[in-house]
Amino acid sequence: MPARNILVINCGSSSIKFALVNEEQPQFALSGLAERLGSPDAQVQWQHNGNKDSLILPHADHRSALAQVLPLVQTAAGGQLHGIGHRVVHGGEHFTSACLLDALSLAAIRATAPLAPLHNPANLLGIEAAIKLFPDLPQVAVFDTAFHQTLPEHAFRYALPDALYREHGVRRYGFHGTSHRFVSQRAAEISGLDYQHSSWLVAHLGNGCSTCAVVDGQSRDTSMGLTPLEGVVMGTRSGDVDPNLHSHLARTLGWSLERIDAVLNKESGLLGLSGLSNDMRSLEEARAQGHPGATLAIEVFCYRLAKSLAAMSCALQHLDGLIFTGGIGENSALIRSKTVAHLRLLNLSLDESANARTVRGASGAIHAQGHSRVMVVPTNEERQIALDTLTLIEA
Ligand code: AMP
């Protein structure tokens with residue numbers, strides 16, 4: 001049987017990220033981004049076998065943008081497309097793993113929308129457009145939350161009145177599950193350990209950041225909660241704050257809920273602390289020039305990240321390794337070094353030359369001899385979504 005091709009789609013409210021994943025090729029034959037959909041400046045850009053191209057599509061919606069992408073996909077796949085995998089942010093308690101898309105599963109994803117009012121409806125736009133354009137292809141939804149459905153109740157419950165959980169689903173769900181699963185599996189593979197009998201701490205550090213405790217191939221705790229705002233410091237999200245902050249800001253400044261939401265989600269984190277940027281590269285450059293805000297943002301980011309990892313260690317019996325991934329985790333030797341420096345009680349220490357050279361897509365161990373394992377493992381959510389899609393198609 002020739003190697004199979006899966007189109008992976010990650011749909012936002014005004015964008016579609018896509019990649020054509022071949023089960024045997026490490027590189028994507030085709031990848032691209034349609035953005036500013038619905039506006040006069042809508043456009044799609046793509047890379048096919050290393051060649052870049054783009055097309056302006058004024059006022060294109062999700063369906064017409066996907067229709068433009070379709071011939072590119074068919075060409076890149078040599079006419080052999082076997083299925084489509086969709087990233088869906090929230091699967092609630094209903095979805096504990098990926099699922100084939102049909103009328104029932106679509107209704108269940110729609111029913112989960114109140115838990116992710118910004119993300120799930122956007123994901124559904126992509127799914128509905130793809131089903132109309134490819135009615136005969138099997139299509140699969142892969143959920144960011146599903147991997148965390150193995151959290152024990154003591155880890156996923158908030159100390160709130162029981163009815164808020166029972167009647168309204170207020171609990172911790174966690175996100176970035178596809179990434180935590182992919183890198184913990186890869187780390188076990190690279191280390192020659194049996195994934196089903198291994199224990200990991202994972203730091204996924206991109207624009208969004210989260211930590212996770214993975215035991216015997218299952219998520220046992222994670223830093224994000226009901227929404228992706230909980231947990232560690234992120235690009236523009238605050239992470240944990242005092243839950244009374246909302247009422248404090250409303251009372252003392254007269255701020256509306258919408259304003260408080262926007263500040264915590266879009267104006268806080270690295271951007272808020274530094275007053276400069278949400279981008280770690282820019283902050284590292286500014287810190288090197290002595291910028292006090294950038295210096296403080298990096299210190300707070302690393303300390304709170306270390307605190308979260310130490311908290312996650314409560315879910316482990318032993319530690320096989322700490323894994324760094326995501327744009328920051330894969331590239332920033334500084335952030336890894338500063339974070340690990342706070343974790344000496346977990347017997348963590350880095351080999352600084354291994355740390356410095358393990359960047360730009362490299363993977364491997366970066367710990368000092370005699371200390372617990374620390375690894376850098378590049379994430380690949382598209383590949384994981386394609387693998388899950390293939391598994392369901394085979395089943
Ligand atoms: P992601 O969302 O996974 O693409 O990660 C985006 C984050 O990774 C941004 O904060 C980038 O500044 C950061 N990043 C990418 N490359 C580097 C680098 N070489 N050094 C530090 N941060 C980086």
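Just follow the structure's listing: the first ligand is 1, and inside any ligand the first atom is 1.
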Whether Y165 and F156 hold their rings parallel, tilted or perpendicular, with breakpoints at 30° and 60°: tilted
Ring centers of F147, H180 separated by less than 6.0 Å: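 When the ring centroids of F147 and H180 are compared, they turn out to be at least 6.0 Å apart.
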Centroid separation H148 to Y173 less than 6.0 Å: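 That pair fails the under 6.0 Å test.
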Worked verdict on F182 versus N380 for side-chain contact (heavy atoms from CB on, under 4.5 Å): CA-CA 7 Å; F182 180 83; N380 193 333; 3.7 Å; yes
Test side-chain contact (heavy atoms from CB on, under 4.5 Å) applied to L226 and L115, step by step: CA-CA 8 Å; L226 174 71; L115 289 170; 4.1 Å; yes
Note every protein N or O atom lying under 3.5 Å from an N or O atom of ligand 1, pairing the names and giving the distance.
unit_1, atom_1, unit_2, atom_2, d
ligand 1, 2 (O), N207, N, 3.0
ligand 1, 3 (O), G327, N, 2.9
ligand 1, 8 (O), I328, N, 3.3
ligand 1, 10 (O), M280, N, 3.0
ligand 1, 12 (O), D279, OD1, 2.7
ligand 1, 12 (O), D279, OD2, 3.2
ligand 1, 12 (O), M280, N, 3.0
ligand 1, 12 (O), R281, N, 3.1

Pair listing, ring pair (Phe, Tyr, Trp, His ring centres under 6.0 Å) test, anchored in residues 185-214, at least two apart: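 Found H176-H204.
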